[in-house]
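See below for the structure under consideration.
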Number of protein chains: 2
Amino acid sequence: MSSSKPSSSRQDPGSVPAAVVNRLSMYLRELQHLLADGQETTSSSQLGHRLGFTDAQVRKDLAHFGHFGHPGIGYRCDELVGAIRRILGTDREWRVALVGVGNLGRALLGYRGFHRQGFRLVAAFDTDPAMIDTKIEGVLIYDILRLAEIVSAEQVELGLVAVPASDAQDVANQLVAAGVGGILNFAPVTLTVPSTVSKVGVDLARELEQVTFSVANRLKVDES
Amino acid sequence: MSSSKPSSSRQDPGSVPAAVVNRLSMYLRELQHLLADGQETTSSSQLGHRLGFTDAQVRKDLAHFGHFGHPGIGYRCDELVGAIRRILGTDREWRVALVGVGNLGRALLGYRGFHRQGFRLVAAFDTDPAMIDTKIEGVLIYDILRLAEIVSAEQVELGLVAVPASDAQDVANQLVAAGVGGILNFAPVTLTVPSTVSKVGVDLARELEQVTFSVANRLKVDES
DNA sequence: CATTGTGAACTTATTCACAGCC
DNA sequence: GGCTGTGAATAAGTTCACAATG
């Protein structure tokens with residue numbers, strides 16, 4: 001059901017700052033909590049307040065993509081959830097593969113949050129012969145040599161890279177060659193990928209360093 | 001501004017944008033790779049190029065904290081690594097505790113990257129009686145009821161929250177009450193903590209949503 | 001002469017404030 | 001009355017460009 005109703009306008013995304021997309025994701029999560037609490041509508045100020053933003057910020061962010069609110073009323077939670085999911089592309093299922101079934105990889109295989117937001121882990125890859133052809137959390141683990149074959153057969157669109165830093169670029173290259181559109185990288189290296197492929201990096205030590213900085217400097221630098 | 005006479009200037013951090021601290025962390029990682037490759041010095045343009053920033057950006061970021069470069073030469077890698085670690089506070093060990101030894105928690109216990117950057121996991125907490133008093137990855141797991149006691153005894157300064165969303169705020173409150181200075185939260189909720197405590201949130205589904213957005217909109221929105 | 005550090009110019013992002021609507 | 005959406009005002013962040021430097 002791609003939107004055919006022009007009343008909820010699908011607007012030219014033009015060029016949207018990454019920070020806006022990040023906040024969109026936060027709004028979504030917060031709206032889902034509100035819905036779970038049985039709340040039907042919310043306002044830019046409530047939403048902003050819960051996340052530490054101003055009401056104007058919330059409205060401006062949403063205005064990048066269309067008119068989702070109702071003056072005098074606010075936003076209908078379910079409506080806005082739908083709108084944001086459409087914007088983020090998570091109004092459908094995404095087929096995801098994991099490369100690297102180590103410590104972190106196994107945790108990713110079992111992570112409920114992915115499934116909850118519409119991500120489906122359809123394959124995993126590793127080099128360890130003891131693991132190949134076994135299942136973890138219901139996901140079959142393949143020899144990494146079969147990456148191209150399986151990514152194609154399983155129509156994998158996104159890759160999770162959870163291999164050691166030294167292997168990460170090589171794995172990324174293989175994923176790109178196999179045709180994935182985006183990569184979430186957990187290895188502590190900066191990957192180089194073609195501009196046709198999206199990538200986001202998550203480096204856990206780096207995240208902790210953001211915390212130590214604030215603690216060491218005793219000043220508030222909030223984030224999500 | 002105020003002049004002390006520091007050879008390695010410790011400058012007033014005043015108010016530093018979170019984005020700068022984030023990049024600092026990236027510079028550090030990149031410098032460590034350069035060092036591992038045997039490179040003695042680098043330049044703002046090399047560093048920037050590897051991360052997708054301009055040279056001016058790199059210099060401005062570092063200028064927030066002091067004068068670390070050598071005109072005509074660039075930056076000595078080891079020197080700059082030391083400076084950035086001092087700024088981030090990771091020039092010493094930090095004692096960290098994990099709460100929630102589920103899927104993700106176990107991965108965090110085994111994550112090498114933490115130790116590599118000077119983080120030491122000294123305790124873990126869970127409610128599962130089968131787990132309590134066992135060790136995982138060399139870390140002893142305590143009953144969560146003993147959180148205050150152990151955090152104090154082990155001088156824990158940072159907490160990792162890897163419990164279900166519904167328990168996260170409660171756990172955060174306990175960590176704060178027990179005296180931790182910062183929290184890295186993996187639960188998909190916005191935690192409320194006193195402004196004397198630092199927090200950073202990592203939501204894996206949200207990170208993947210940043211990827212799907214770019215893929216769905218076929219436009220480059222790079223990040224780390 | 002390559003490279004830093006930095007004021008000035010520019011660009012981008014946030015907040016204000018208010019018209020229009022429910 | 002409460003709330004959105006948005007142009008105008010303000011603030012913040014980035015890049016430019018160049019004097020200073022080993």
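Numbered from 1 within each chain, the chains take letters A, B, ... in sequence-line order.
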| query | Want to settle it: does A:Gly69 or A:Gly72 sit nearer the 5' end of DNA chain D, counting the closest nucleotide to each? | reply | A:Gly72
| request: Taking side-chain hydrogen bond (donor to acceptor under 3.5 Å, both in side chains) as the test, write out the residues that go with B:Arg85, two or more places apart. | output: none
| message | Students often get this wrong, so: under 4.0 angstrom with heavy atoms, is A:Ser45 touching a base, only sugar-phosphate, or nothing? | response | nothing
| field | Residues in side-chain contact (heavy atoms from CB on, under 4.5 Å) contact with A:Ser152, at least two apart in sequence or another chain | value | none
| field | Between C:dT4 (P) and B:His70 (NE2): distance, integer Å | value | 10 Å
| note | Applying side-chain hydrogen bond (donor to acceptor under 3.5 Å, both in side chains) to B:His70 and not counting sequence neighbours gives B:Glu79
| message | Among residues at least two apart in sequence or on other chains, which ones pass ring-ring contact (aromatic ring centres under 6.0 Å, His included) with A:Tyr27? | response | none
| Quick one: salt bridge (charged side-chain N to carboxylate O under 4.0 Å, His left out) partners of A:Asp167, sequence neighbours excluded? | none
| Under the ring-ring contact (aromatic ring centres under 6.0 Å, His included) test, which residues partner B:Tyr75, sequence neighbours left out? | none
| When you match A:Val20 and B:Ser44 each to their closest nucleotide on DNA chain C, which lands nearer the 5' end? | B:Ser44
| said: So does B:Val21 get a backbone contact from the side chain of B:Ser25, meaning a donor-acceptor N/O pair under 3.5 Å? | reply: no
| field | Contacts of type side-chain hydrogen bond (donor to acceptor under 3.5 Å, both in side chains), residue B:Glu40, not counting sequence neighbours | value | none
| task | Check whether more than 12 heavy atoms from other residues, nucleotides or ligands sit under 6.0 Å from atom CZ of A:Arg120, and answer yes or no. | result | no
| remark: Rounded to whole Å, the NE2-P distance (A:His64 to C:dA13) equals 7 Å
| message | Restricting to side-chain hydrogen bond (donor to acceptor under 3.5 Å, both in side chains), what partner residues turn up for B:Ser45, sequence neighbours left out? | response | B:Ser43
Could you list the protein-to-nucleotides 9-12 of chain C atom pairs, N/O on both sides, closer than 3.5 Å?
none

| Side chain of B:Arg218, backbone of B:Val215: donor and acceptor closer than 3.5 Å? | yes
| In residues 33-40 of chain A, which residues come under 4.0 Å of DNA chain C by heavy atom? | none
For nucleotides 15-19 of chain C, which of its nitrogen or oxygen atoms have a protein nitrogen or oxygen under 3.5 Å away, and what is each distance?
residue	atom	partner	partner atom	Å
C:dT15	OP2	A:Thr54	OG1	3.0
C:dT15	O4	A:Lys60	NZ	2.8
C:dA17	N6	A:Arg59	NH2	3.3

| field | Opening and closing nucleotides of DNA chain D in contact with chain A, under 4.0 Å to non-hydrogen atoms | value | D:dG2 to D:dA8
| request: Can you see which heavy atom on B:Ile87 is nearest to which on A:Phe213, and at what distance? | output: O-CD1, 3.3 Å
| request: Would you give the length of the straight line joining atom CG of A:Asp37 to atom CD of A:Gln32, rounded to the nearest 0.5 angstrom? | output: 12.0 Å
